[in-house]
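Because only heavy atoms are used, hydrogens play no part in the values below, and waters and symmetry mates are left out as well, while side chains stay in.
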Amino acid sequence: MQNKNNFDNKRRKTLRWGYLFALVAFLAFTLFLGKIIVLQNTNVQEIKDDYISKNYREAKLKAARGNLYASDGSILATTVMRYDIYLDLKTIKDSVYKNNIGSLTDSLNAMFGKPRNIYRQRLDEQRRKENQYYSLVKGLDFDQYDRIRKFPIFNKGKHRGGFIVDRKYRRELATTEIGAGTIGMDNGEYKSGLEAAFSKYLSGTDGTRLEQRVNSNQWKPIDYWKAIEPVDGQDVYTTLDLRIQDIASSALEKQLIEFDADHGSVVVMEVATGKVRAMVNLRRTEPGIYIDAYNYALKDATEPGSTFKTVSLLAAMDDGFIDENTTVDIGNGHWTYAGQPVSDGHGGGIYDISDVLAKSSNVGSAKLITQFYGEKPQVFLDHLRRWKMFDKMDIELPGITKPFIQTPESPRWSKGALASLSFGYASRFNLLQLTTFYNGIANKGKMVKPLFIDKIMKDGQVFYSAKPEIMVNKMASDKAIRMMTQALTKAVEKGTARSIFTPNLKMAGKTGTARFEYWKPGPAKYQASFAGFYPSDNPKYTCIVMVNQPDNSKSYYGSTVAAPVFKEIAGKTFLKTPQNIEPHLLEDKKVDLTKLTEPNVKIAFQGQRMPNVVGLIGRNVIPQLENAGYRVEYKGVGKIQEQFPLVGTVINKDQRIYLNLQN
C-alpha cells in the first residue's frame, strides 16, 4: 500500500512538471507566433527611421583637391593632410588607464606645453562622463600625428586605447605674397580666382562613410564601413610665370609705397598666345603695407582715360581717315565741341597724328574723331563692337565686369559724348579687356583670348592641353596696325612716356591719367595707367599698369606714376642689352635669363630610393617630398646644401628626411 502511494505521488509530480513545461512551451510558441504576425504587419521603413537613422548617418568623405601649379611646375596651391585626434574614454580598461594616465599627461605636456594637471582633470572628467568622442587636439601635421599616436594608452590603438583619428584636407598657398588674390580660393562658401575658375577639375569626387551617434551633437566615424572611396582631383597647370609675377609684384609695390597710393594692378600677357603670365593686385591695408587680396584687374571697370586714345585713333586709321600725313590744329590747347569743353596740358600748335598720341592730346583726339564720326557715331562704335569692347569677356575666372560705353541709345548720350569717348571718358573697362586690345595690336592685328590654363593632368598623364583662341582675326589693316605701333613707340621715345625710354629695349605704349568721381566734392582723385608692349619691333609681352589714387602732392600722371613700373617689368623680363646687371649674368653682352632664376626641377623617384636633391631650391623640393608621403625636417632657406638619407638609400613612406638649406 505504501509503495502504491509513493508511485501515485511521483506520477502526479511528473505530470505537474509535464503540464508546466507544456504550458511554458505553448506560451513561448504563442509569443513567437505573435512576433511573426507583428513583423509581417510592421512597416520596416518606420523601424529604420525610428532606430537606424537616429543612430547612424552617411557622411561625406572629402576628396583631396588637386594641385594648382605655375607654368613651370612651381606649386601655387596644394592640399595637405591634417589630423584631428579624438578619444573614446569608455573603451579604455580601468587598469590600462590607471597605470598609464600619468605618463600620458607628461607626454601631452611635453608636446603642447599645457600643465599636466590640466590634461589629467579633463581626461578624468570625460572618463567619468563615458565620453566616446572627446576632441583632444585638431590640425596636426604628419610628424605631430606620428608622435602622438605612440604616447602611452594611445599606442594601443582604437579599440584598446580609445585613439580615434579623423583625417582632413587643408588647402595651403605656396605664394601668398605674390598672388594670393589671383590664386584665390574655393571653400564652398566663397569662390574667387584661379581656384574657383578650375574648381571642377581640382575638386575630385567625394566619397561616403557611416558615422555613429555618440551623443546629441557628436558623431563618431566608422572607418571599416566606408561605402565609397573618394576620387582625388586633377592637377591644373596655370599660365602664370612665377618669375614674372614676382618681378611685377615687386615693381608695383615699390611704386605704390613711393606715391602712397590706394591700390594698383599689373597684367602681363604673352603676345602670340594670350597666356597671362602675371596678374598682380595690391591694396593698402595700412601705411606702407600692401596685400594681394582683391582682383581689381577683373572686377573693377573704370574710365580708362588716355589709354583709350589708341582705340579711338585705330578706328580712324583703319577707315583711312588719317595717315602719317594727317595733321590737326590744337590751337592753344582748349576747345569746345557741342557744349563739351576739352583741354590739354601739353601746349598747342599743329600736331601730326603720332604727336596726338605721343603728347596725349585730348583736343587732337576729340577733333579727329568728331570730324570723321560726328554725324555717324555708329560707324565708330561698330569698330568697338568688332573688337569685342562691348562684350563681357568669356574667361574662366569669376567676377569679371562687363564694360560700359555710352551710345546714342543711352539716356545720357549727347553729341559731346563722342568727344569724351574719344579720349577715354563716357566708358568703363576692366584692365584685362584693355590688355587684350593692346595685345591685338602687338600681335599684328590678331586678337587672342586671354588664357589662364596651360594643361590639366591626372596621374601623370595630360588630360587637357589649352590652345590659343582667336577672338578677332584681323582688327585693322596692316597699314593701320603698323602706323599705330610706330605712334606708340614714338610716345615712349619722344612723348609723354619718354622718361622710361632706354636705347637697350624698344618699348611701345600709351600713358593714361583719368580723374574719377569728378562729380563729387572734395579733393580730386586720379588713376594713373600705362599700357603697351615690348620689344616694339618684335613684341613678346603686353603689359598694363594701373595705380589708383596716388598722393596728388607727389604726382598723379601716368608718365611718372605708372610708366616706371612698366619699364622695370620690361627690363627684368626682356632686356636685349642690359643695364645695371652684374657681370656674371652676362653672356655675349646679353642677359642669360636662366641665371636670374632657379627653375623648378621635378624630382625623379626611382622606386623607394632617396633622390639627389642637393643644389635644388628647398621651396620647390619640400612640397614634392611631402606630397609623395615622406616626412621632411629642414633648417634654413634657399638651396639644399645637405641631405640625409644619402642618394640611393632605400626609404620608407614613414621615414623622416633631413635637409639643410642655405642661401
Tightest non-hydrogen contact, residues Ile395 and Leu298, listed as CD1-CD2, 4.1 Å

Show the nearest heavy-atom pair for residues Asn552 and Tyr526, with the distance to one decimal.
OD1-CD1, 3.7 Å

Answer yes or no: is there an ion pair linking Asp355 with Lys494, defined by an N-O contact shorter than 4.0 Å?
no

In this structure, is the centre-to-centre distance between the rings of Phe429 and Phe308 below 6.0 Å?
yes

Check this for me: does any side-chain nitrogen of one of Asp382 and Arg385 sit under 4.0 Å from a carboxylate oxygen of the other?
yes

So, does Asn548 use its side chain to make a donor-acceptor pair with the main chain of Gln527 at under 3.5 Å?
no

Would the Tyr534 and Phe566 ring centres measure less than 6.0 Å apart?
yes

Can you see whether Thr496 engages Ser360 through a side-chain donor-acceptor pair at a distance of less than 3.5 angstrom?
no

Check: Thr302/Asp300 side-chain N/O donor and acceptor closer than 3.5 Å
no

Using modelled atom types and a 3.5 Å cut-off, is there a donor and acceptor pairing between side-chain atoms of Ser410 and backbone atoms of Trp413?
no

In terms of side-chain heavy atoms, does Thr310 have a donor or acceptor partner in Tyr438 at a distance below 3.5 Å?
yes

Are side-chain N/O atoms of Glu303 and Tyr518 paired as donor and acceptor at under 3.5 Å?
yes

Nearest 0.5 Å, please: how far is CD1 in Ile289 from CD1 in Ile257?
7.0 Å

Point-to-point distance, once rounded to the nearest 0.5 Å, from CD1 of Ile183 to CG of Leu76:
4.5 Å

Expected output: side-chain Tyr351 to main-chain Gly364 donor-acceptor under 3.5 Å:
no

As an exercise, state the distance from CD1 of Ile441 to CE of Met475, rounded to the nearest 0.5 Å.
5.0 Å

Classify the side-chain pair Gln433/Arg428 by whether it contains a donor and acceptor separated by less than 3.5 Å.
no

CD of Glu517: more than 12 outside heavy atoms within 6.0 angstrom?
yes

Judged by modelled atom types alone, do Lys490 and Ser354 share a side-chain donor-acceptor pair under 3.5 Å?
yes

Could you verify whether a donor N or O on one side chain and an acceptor N or O on the other, from Asp241 and Ser71, lie under 3.5 Å apart?
no

Output for pair (Lys572 NZ, Arg243 CZ), nearest 0.5 Å, gives 11.0 Å

Assess the side chains of Tyr373 and Asp319: does a donor N or O sit below 3.5 Å from an acceptor N or O?
yes

Can you see which heavy atom on Arg515 is nearest to which on Ala524, and at what distance?
NE-CB, 3.5 Å

Shortest non-hydrogen contact from Tyr541 to Glu270?
CD2-CA, 4.0 Å

Spacing of CD1 belonging to Ile569 relative to SG belonging to Cys543, to within rounding of 0.5 Å
4.0 Å

Contact summary for Val267 and Val276, nearest pair of heavy atoms
CG1-CG1, 4.3 Å

Look up atom CG in Asp260 and atom CD in Gln255, then write down how far apart they are to the nearest 0.5 Å.
12.5 Å

Judged by atom type as modelled, is there a donor-acceptor pair below 3.5 Å linking the side chain of Asn281 to the main-chain atoms of Ala297?
yes

Testing the basics here: between Ser536 and Thr485, what is the closest heavy-atom pair and its distance to 0.1 Å?
O-CG2, 3.9 Å

For the residue pair Lys309 / Asn362, report whether a side-chain donor-acceptor contact shorter than 3.5 Å exists.
yes

Do Thr239 and Asp454 have a side chain donor and acceptor closer than 3.5 Å?
no

Val280 vs Gln245, side-chain contact (heavy atoms from CB on, under 4.5 Å): CA-CA, chis, key distance, verdict:
CA-CA 7 Å; Val280 180; Gln245 180 86 4; 3.8 Å; yes

